Amino acid sequence: MAESVINSLGIVEDQDGENGSTDDANLHVELNVFRAQWMSELKPNSASNGGNRGLSSRAADLKRKQELAREEKARELFLKAVEEEENGAVYEAIKYYRRAMQIVPDIEFKINYSRSPDPDGGNENDMDGEIEDLLAYFHQQLTLQDNSLKICVPEVDIAQMHISALPPEVLMYIFRWVVSRDLDLRALEQLSLVCRGFYICARDPEIWRSACLRAWGRSCTKLVPFNSWREMFLERPRVRFDGVYISKTAYIRQGEESLDGFYRAWHQVEYYRYLRFFPDGQVMMLTTPEDPLVTVPRLRSRNTRVESIMCGHYRLSQDTDNQTKVFVVVSKRKEEKVAEYQRISRFCRRNPAAPETEHSFHVGLQLSSGGRQSFNKLNWIHHSCHITYRSTGETVVTAFDLDQMYASFYFARVKSYTAFSERPL
């Protein structure tokens, strides 16, 4: 009995051994197959390499197309935002700006602006050859009727007299009123978009020549190195008249210590400097803590009644290093000095002596361009105070050190400055 049990156990053990050896063999075969596949993947043949390269190129093309589609969508949204902002819908413009920058964060620097040339704007310099061809094409499109050049023709029949019935001399005089003495060439460029005839009138060399003479005076009697008066006005450095240059200065100063000596206050000080230039060489300068939203409208007229404003003149100077500099000399108005003298005399038992000194401030600035706009930045290079004694005629000059308190001026266009035309060009 015991022997039969032992024999049966031996048979079972033999069967288990045979099964184990079979499983080991199968596992060894599977491992060999896995090694073979792994080596084939590590060392692919030329055909598989070509397939992989094809897949990678197709993936790169697909990725490139997706990037172009995203950039095109962001471009449409950004240009829509620009249009809404120009129309005054700032809230809608912000939404479009946000959507565009969510798609492409740097979309602002990837847009090629295809707008009408803006004489006070950014990179809007057309090729002269293209302009000449366009002018020649428009001249060919215009028809001759009654031995006179038809500037334009009405699109529909009207009972009133059309503007095309005016003589060219009268029409050009109207265009000079559009430009005005304030040199609003931006309005002239917008007017050129009306029709082909207006485009030709807006390219009249005499208008642009008069604008250059008013901007630079006798120093622009020659066109060299420019090809046209319009090109000179667009590219030659100059200060801008359709807005104001603003400089913001902010710093922190230490206050007085409290009575118990427990703490000392710190104050954040902010103030602004404003520079408004006029084509006839006059300039206004104002230093005030008031916000630009309050101050800028007051600087529209040169006869403003803003207190502490200083008026004077400026001139442009271009050195041999091709750096255009602006030199400004300003002082308080005479009527403001008289008012201050009368105000002091009220609190004195005897009339004080008339002021024996005259103060004037001399400012030197370097003109440069930044971003998409031209001539929109002024950097400080000099600031001094000149005190002249009337009795002796002696002048004492005090120069100020230019430190971080002298922040650069940046131009801000103000539409109301050119909304009305008082005199023609």
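Note that the structure is a prediction, hence the values are computed from the model and not measured.
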Taking [X] for its side chain and [Y] for its backbone only, find out whether a donor-acceptor pair lies under 3.5 Å.
{"X": "Ser180", "Y": "Pro424", "value": "no"}
{"X": "Thr249", "Y": "Met405", "value": "yes"}
{"X": "Glu72", "Y": "Leu68", "value": "no"}
{"X": "Tyr245", "Y": "Arg240", "value": "yes"}
{"X": "Tyr314", "Y": "Phe278", "value": "yes"}
{"X": "Trp380", "Y": "Ala407", "value": "yes"}

Give, for atom [atom1] of [X] and atom [atom2] of [Y], the distance between the pair rounded to the nearest 0.5 Å.
{"X": "Tyr417", "Y": "Lys415", "atom1": "OH", "atom2": "NZ", "value": "14.5 Å"}
{"X": "Ile200", "Y": "Ser192", "atom1": "CD1", "atom2": "OG", "value": "11.5 Å"}
{"X": "Arg176", "Y": "Leu188", "atom1": "CZ", "atom2": "CG", "value": "10.5 Å"}
{"X": "Tyr272", "Y": "Lys248", "atom1": "OH", "atom2": "NZ", "value": "4.0 Å"}
{"X": "Trp229", "Y": "Leu234", "atom1": "CH2", "atom2": "CG", "value": "14.0 Å"}
{"X": "Cys311", "Y": "Asn303", "atom1": "SG", "atom2": "CG", "value": "9.0 Å"}

- [ ] Using a cut-off of 6.0 Å, state whether more than 12 heavy atoms not belonging to Glu270 lie near its atom CD.
- [x] yes
Task: Asn87 atom CG: more than 12 heavy-atom contacts under 6.0 Å - done: yes
Does the side chain of [X] reach to within under 4.5 Å of the side chain of [Y], using non-hydrogen atoms?
{"X": "Ile309", "Y": "Leu299", "result": "yes"}
{"X": "Val363", "Y": "Phe327", "result": "no"}
{"X": "Phe175", "Y": "Val179", "result": "no"}
{"X": "Trp208", "Y": "Leu185", "result": "yes"}
{"X": "Tyr199", "Y": "Cys195", "result": "no"}
{"X": "Leu378", "Y": "Val326", "result": "yes"}

TODO: Would you confirm whether the ring centroid of His359 sits within less than 6.0 angstrom of the ring centroid of His386?
DONE: no
Task: Output field: ring centroids Phe400/Tyr406 closer than 6.0 Å - done: no
- [ ] Using the side chain to side chain contact (heavy atoms under 4.5 Å, CB included) rule, take Val239 and Phe411 through it: C-alpha gap first, then chi angles, then the decisive distance, then the call.
- [x] CA-CA 9 Å; Val239 292; Phe411 181 79; over 6 Å; no
Which heavy-atom pair separates [X] from [Y] by the least distance, and what is that distance?
{"X": "Leu402", "Y": "His382", "result": "CD1-N, 3.6 Å"}
{"X": "Lys377", "Y": "Tyr410", "result": "CE-OH, 3.4 Å"}
{"X": "Asn379", "Y": "Ser408", "result": "OD1-OG, 2.7 Å"}
{"X": "Leu316", "Y": "Pro237", "result": "CD1-O, 4.3 Å"}
{"X": "Val330", "Y": "Gly312", "result": "CG1-N, 4.0 Å"}

Task: Flag for Arg203-Ser228: side-chain donor and acceptor within less than 3.5 Å - done: no
Task: Donor on one side chain, acceptor on other, Thr418 and Asp182, under 3.5 Å - done: no
TODO: Return the orientation label for the Phe361 and His383 ring planes: parallel under 30°, perpendicular over 60°, tilted otherwise.
DONE: tilted
- [ ] Would you please classify the geometry between the Tyr173 ring and the Trp177 ring as parallel, tilted or perpendicular, with 30° and 60° separating the classes?
- [x] perpendicular
Task: Residues forming a salt bridge (charged side-chain N to carboxylate O under 4.0 Å, His left out) with Glu84, sequence neighbours excluded - done: Lys80
Task: Qualifying residues under salt bridge (charged side-chain N to carboxylate O under 4.0 Å, His left out), relative to Arg413, sequence neighbours excluded - done: Asp242
Task: Test log, rule side chain to side chain contact (heavy atoms under 4.5 Å, CB included), inputs Thr395 and Ile387 - done: CA-CA 5 Å; Thr395 301; Ile387 304 176; over 6 Å; no
Acceptor/donor pairs from residues 90-103 side chains to any protein atom, 3.5 angstrom cut, sequence neighbours excluded:
| residue | atom | partner | partner atom | Å |
| --- | --- | --- | --- | --- |
| Glu92 | OE1 | Lys95 | NZ | 3.3 |
| Tyr97 | OH | Glu85 | OE1 | 2.7 |

Open item on the list: Just to verify, what does Arg214 make a side chain to side chain contact (heavy atoms under 4.5 Å, CB included) with, not counting sequence neighbours?
Closed with: Arg181, Leu183, Pro279, Asp280, Leu425
Task: Set of side chain to side chain contact (heavy atoms under 4.5 Å, CB included) partners for His313, sequence neighbours left out - done: Val329
Solution key, residues 282-296 side-chain donor-acceptor pairs under 3.5 Å, sequence neighbours excluded:
| residue | atom | partner | partner atom | Å |
| --- | --- | --- | --- | --- |
| Thr288 | OG1 | Glu290 | N | 3.2 |
| Glu290 | OE1 | Arg298 | NH1 | 3.2 |
| Asp291 | OD2 | Leu293 | N | 3.0 |
| Thr295 | OG1 | Asp291 | O | 3.3 |

Task: Arg230 vs Glu189, salt bridge (charged side-chain N to carboxylate O under 4.0 Å, His left out): CA-CA, chis, key distance, verdict - done: CA-CA 11 Å; Arg230 181 174 180 271; Glu189 293 294 323; 3.4 Å; yes
TODO: May I have the step-by-step check of side chain to side chain contact (heavy atoms under 4.5 Å, CB included) for Arg236 and Phe226, ending in yes or no?
DONE: CA-CA 9 Å; Arg236 184 173 176 177; Phe226 306 101; 4.0 Å; yes
Open item on the list: Both conditions, 6.0 Å and 45 degrees, for the charged tip of Arg273 above the ring of Phe409: are they met here?
Closed with: no
Open item on the list: side chain to side chain contact (heavy atoms under 4.5 Å, CB included), that's the test. Do Glu71 and Ile107 meet it? Break it down for me.
Closed with: CA-CA 7 Å; Glu71 185 174 336; Ile107 185 61; 4.2 Å; yes
